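Counting starts at 1 for both ligands and their atoms, following the listed order. Keep in mind that what you see is a predicted model, and the values were worked out from it rather than measured.
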Amino acid sequence: SENHPLWTEIDRVTLEQLHYAKLGVGEGGWDIFAEEGEMRMYKREQEIDGRVVDPLKAVHTVKGVTGHEMCHYFFNPDVRMEWETTLEQMTILESVSEDTLVFLQIHKRVWPAAQRDALFWSHIRSVPDARDSDGPRTWIVCNHSTDHDKAPECKNGKYIRVDLTVCMVCQTIVEPPKNGAEVTRDNLTCKVTYCSEINPGGWAPAAALRAVYKREYPKFLKKFTHYVYEQCKNKPILF
Ligand SMILES: CC(C)(C)c1cc(CCc2ccccn2)cc(-c2ccc(S(=O)(=O)CCO)cc2)c1
């Protein structure tokens, strides 16, 4: 897919998001708004022309799965409706390649905002790291809004189009078992960093939107990571 017109942007945005995900939340005005077990969610309050665009960064530690498995289920369109509760409809407009798809998603209405849709490319890749002796430990899925000639113009459509950039960066940590035994899921830990910037588009009351984000995002990430754990627990490990 290197010669696809979107490829340059896909490569640039994916690497930018990888770098951004790796930045800590120590500096840059992040404040924590949810903490449940190993999951911590941070936001920065940011408005762009009167719209709440609060960047979000979540970190989570999930035992028993690999980064490849976590990113595979996040990318895979076949299972999205099973964990993505904000979705009403999902269409693949283009399969750019094995690792890159263009989605049109219609999300459920989030009161009091009008209903929205999202048009974005989604790209999955492993991140080579010289230190990883036996295979890549870090995987990333990046979702970034795009235009597409197969999508309805949001003007005559009945949905407001959101503008989003999202990344799911997952790193596998293997704690080697004693006396050279085979690695089992008990030896696996997945470090998850989920970043999102959603410009809801159109008008939505800031306070109500922030209340929605505060309630919905923790639910979203908890449901997704729990779903992956359940899907993987009785399957062979996908490193
Ligand atoms: C309620 C809330 C959780 C904030 C929410 C509201 C809306 C609907 C659009 C929207 C945004 C703002 C206000 C009203 N509606 C979309 C999303 C959303 C979009 C995309 C992704 S993804 O990570 O790319 C996985 C693929 O779906 C995750 C979540 C979340």
- Message: Please list, in number order, the atoms of ligand 1 under 4.0 Å from a heavy atom of Tyr213.
- Response: 4 (C), 12 (C)
- Considering distance alone, does some N or O of Asn143 sit under 3.5 Å from an N or O of ligand 1? yes
- Task: Please report the shortest heavy-atom distance between Lys57 and Cys195, naming the atom on each side.
- Result: CE-SG, 3.7 Å
- Query: For atom 5 (C) of ligand 1, what's the nearest protein heavy atom and its distance?
  - Reply: Thr86 CG2, 4.3 Å
- Would you please indicate yes or no on a ring centroid separation below 6.0 angstrom for Tyr194 and Phe224? no
- State whether the side chain of Ser196 and the backbone N or O of Val166 hold a donor-acceptor pair below 3.5 Å, judged by distance alone. no
- Message: Please determine whether any non-hydrogen atom of Tyr194 lies less than 4.0 Å from an atom of ligand 1.
- Response: yes
- Query: ligand 1 and Gln105, any nitrogen or oxygen pair closer than 3.5 angstrom?
  - Reply: yes
- Message: Quick test: of every protein heavy atom, which one is nearest to atom 2 (C) of ligand 1, and how far off is it to 0.1 Å?
- Response: Glu216 CB, 4.2 Å
- Message: Just by distance, no angles: are the side chains of Thr86 and Glu84 close enough, under 3.5 Å, to form a donor-acceptor pair?
- Response: yes
- Message: Just to be sure I'm reading this right: ignoring hydrogens, which of Glu84, Lys214, His144, Arg116 gets closest to atom 27 (O) of ligand 1? Compare them by their nearest heavy atoms.
- Response: Glu84
- Consider only side-chain heavy atoms of I, L, V, M, F, W and Y, link residues closer than 4.5 Å, and tell whether Met168 and Leu87 are in one cluster. yes
- What protein heavy atom is closest to atom 19 (C) of ligand 1, reported as residue, atom name and distance in Å? His107 CE1, 3.5 Å
